[in-house]
Amino acid sequence: MGESSAGAAFAGRRVLALETSCDETAAAVVDDGHVVVSSVVSSQVDLHARYGGVVPEVASRAHTELIVPVVTEALAAAGLDATGRGAGPVDAVAATVGPGLVGALLVGVSAAKSYAMAWGVPFVGVNHLEGHLYASLLEDPELAYPVVVLLVSGGHTLLVRMGGPGRYAVLGRTKDDAAGEAFDKVSRYLGLGYPGGPAIDKAAERGEPDAVAFPRARLPGTFDFSFSGLKTAVVNYVRAHPEVSSEDVAASFQRAVTDALLEKTFEAAEATRAVGLCLAGGVAANSELRRRAAEKGEAAGLRVFLPSRAMCTDNAAMIASAGYFRLRSKGPTALDAGAEPSLGFNEPGSSLSRS
Ligand code: KG4
Ligand code: ZN
């Protein structure tokens with residue numbers, strides 16, 4: 001991603017951010033990187049539910065229709081008019097540049113650049129995964145570092161050590177399926193619906209987590225994860241035992257996923273001498289993961305930050321926060337930079353890289 005003048009000091013406070021990487025059209029106004037002034041999220045989940053997953057063309061078209069109304073609503077809720085003016089004008093415009101669906105990303109990136117040009121303020125491109133890391137900071141500005149962040153979403157499963165805003169080291173990642181992808185696939189197989197995470201979470205409330213002993217991939221000596229074997233084990237078990245209840249399978253599957261996630265996260269926190277632990281990404285909305293993380297944190301003397309469910313799933317406030325800190329450390333992004341659908345989060349100690 002191009003930087004027009006690396007290190008150019010950004011002295012502004014107020015960032016408008018746009019997020020359109022997948023199936024939510026979102027805009028937010030955030031001050032000083034952590035004070036959420038307004039945050040609007042328009043979900044397309046109903047549009048995609050009938051197809052059992054996100055349809056890229058449908059997502060791009062919906063973003064195109066929704067982006068201006070969503071931005072206008074976020075500006076109005078911050079006391080600003082459609083020109084970004086009013087009490088406390090916007091100092092910079094951020095947008096998610098990747099990873100995500102290319103057609104969807106381009107809607108937000110093009111709109112953000114247009115606003116930035118029209119208003120004569122800097123544009124900053126943000127890595128969607130980096131955005132998720134800021135969820136806890138937005139809800140708890142007293143956050144003490146270093147923390148270990150477990151970032152679990154539909155497309156990614158990462159363990160990141162965060163030494164402060166903009167200072168990251170990737171400790172581990174999934175070797176195959178993302179945690180959210182495993183929830184979505186198992187839910188579809190069990191006929192529980194889409195999106196799968198909330199459906200399994202709900203079904204599991206009525207099931208027995210010890211009903212089926214599903215395998216936990218341990219990958220010793222690493223902080224990596226693997227979920228594809230678990231997904232296959234669920235399919236094989238249900239085929240061999242058609243009489244088993246979906247609730248018991250959902251609860252046992254959820255227990256296996258949360259066991260694997262929490263074991264590595266707490267090991268990583270101990271090994272890197274973190275003082276706290278944050279959950280982030282859509283799967284961090286999972287009730288069992290939240291409950292057990294809090295319990296284990298208390299037992300281990302670690303502060304556990306559990307962002308609200310709305311902050312865990314995709315939103316633009318987290319993009320504004322990441323954009324603010326990026327502007328301060330690296331300066332604006334060149335206006336000729338495009339969307340980066342396969343942007344990764346690879347290099348230890350750095351924020352952005354291609355996968
Ligand atoms: O972060 P996110 O909103 O979008 C991506 O960037 O992927 O995450 C979406 C993922 C989906 O796989 C969804 O099934 C999962 O988060 N999810 C959950 C729950 N709520 C959403 N997974 C488990 N339990 C939940 N309650
Ligand atoms: Zn996400």
Side-chain angles (χ1 to χ4, degrees), residues 17-26 28 39 41-45 48-49 52-54 56 59 95-101 104-105 108 126-136 138 149-158 160 174 177-190 192-205 207 209 227 230-231 250-251 253-262 278-293 306-319 321-322 341-345:
L18 279 58
E19 154 64 41
T20 61
S21 64
C22 191
D23 60 344
E24 342 272 0
T25 314
S39 179
V41 180
S42 173
S43 175
Q44 306 170 9
V45 71
H48 300 283
V54 177
T96 302
V97 293
L101 303 168
L105 289 164
V126 173
N127 183 320
H128 179 82
L129 303 175
E130 189 178 359
H132 273 300
L133 300 180
Y134 287 86
S136 294
L138 283 164
V149 187
L150 173 66
L151 168 48
V152 269
S153 72
H156 300 272
T157 302
L158 283 176
V160 178
T174 183
D177 291 351
E181 193 180 351
F183 272 97
D184 292 335
K185 287 178 176 169
V186 166
S187 177
R188 189 176 312 150
Y189 182 70
L190 295 176
L192 294 174
Y194 167 86
I200 296 235
D201 200 341
K202 193 150 173 271
E205 281 171 20
F227 296 108
L230 171 60
K231 180 192 64 195
F253 162 77
Q254 184 170 274
R255 176 57 55 89
V257 175
T258 51
D259 271 353
L261 291 173
L262 292 172
C278 306
L279 297 188
V283 181
N286 184 264
S287 333
E288 176 161 336
L289 184 64
R290 296 170 77 88
R291 179 180 50 77
R292 295 181 64 206
L306 300 172
S308 65
R309 284 174 169 74
M311 195 57 85
C312 290
T313 49
D314 289 350
N315 65 85
M318 66 187 198
I319 303 303
S321 182
S342 44
L343 190 66
F345 197 94

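Every number for a ligand or one of its atoms is a count from 1 in the order of the listing. Both backbone and side-chain heavy atoms feed into the values below; hydrogens, waters and symmetry mates do not. Count residues from 1 along the sequence.
Looking at ligand 1, you won't find any N or O of F183 less than 3.5 Å from one of its N or O atoms. Considering both main-chain and side-chain atoms, D184 comes within under 3.5 Å of ligand 1 through a nitrogen or oxygen pair.
In terms of protein heavy atoms, atom 24 (N) of ligand 1 is closest to N286 ND2, 3.0 Å. Protein heavy atom at the shortest distance from atom 8 (O) of ligand 1 is G282 CA, 3.3 Å. Of all protein heavy atoms, the one closest to atom 9 (C) of ligand 1 is G154 N, 3.7 Å. Atom 2 (P) of ligand 1 has D314 OD1, 3.5 Å as its closest protein atom, hydrogens excluded (heavy atom only).
If you take CG on L279 and CG on L306, they are separated by 5.5 Å, rounding to the nearest 0.5 Å. The structure places CE of M318 at 9.5 Å from CG of L138, a figure rounded to the nearest 0.5 Å. Atoms CG and OG1, from L261 and T157 in turn, are 7.0 Å apart once rounded to the nearest 0.5 Å. In this structure, CD on E24 lies 9.0 Å from CG on N315, to the nearest 0.5 angstrom. To the nearest 0.5 Å, atom OG of residue S153 and atom CG of residue L129 are 6.5 Å apart.
Between the choices T96, T313, D201, V41, the shortest heavy-atom distance to atom 26 (N) of ligand 1 belongs to D201. The heavy atom nearest to atom 23 (C) of ligand 1, considering only A179, G197, A199, is found in G197. Taking all heavy atoms of T258, L129, V283 into account, the minimum distance to atom 15 (C) of ligand 1 is reached by V283.
In this structure, the side chain of S321 does not engage the main chain of A317 through any donor-acceptor pair within 3.5 Å. Using modelled atom types, no side-chain atom of T96 and backbone atom of H128 make a donor-acceptor pair closer than 3.5 Å.
Atoms of ligand 1 found under 4.0 Å from any heavy atom of H132, numbered from 1 in the order shown, are 1 (O), 6 (O). Each of the following atoms of ligand 1 lies closer than 4.0 Å to a heavy atom of A285: 20 (N), 26 (N). Interface atoms of ligand 1 facing G155, defined by a heavy-atom separation under 4.0 Å, are 7 (O). Annotation for ligand 1: atoms under 4.0 Å from non-hydrogen atoms of G180 are 12 (O).
Among the atoms of H156, no N, O or S atom falls under 2.8 Å of the Zn ion (ligand 2).
Residues D259 and R292 are in side-chain contact: their nearest non-hydrogen atoms beyond the backbone lie under 4.5 Å apart. At least one side-chain heavy atom of S136 sits less than 4.5 Å from a side-chain heavy atom of P307.
Of all heavy-atom pairs between V41 and D314, the closest is CG1-O, 3.9 Å.
Counting heavy atoms closer than 4.0 Å to ligand 1, residue H128 contributes side-chain atoms (C-beta onward) but none from N, CA, C or O.
Distances shorter than 4.0 angstrom do not occur between any heavy atom of H156 and any atom of ligand 1. In this structure, C22 has no heavy atom closer than 4.0 Å to ligand 1.
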CA sep, side-chain torsions, deciding dist, call: E181, K231, side-chain contact (heavy atoms from CB on, under 4.5 Å)
CA-CA 10 Å; E181 193 180 351; K231 180 192 64 195; over 6 Å; no
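When rounded to 10 degrees, the angle formed at the Zn ion (ligand 2) by OD1 (D314) and NE2 (H132) equals 100°.
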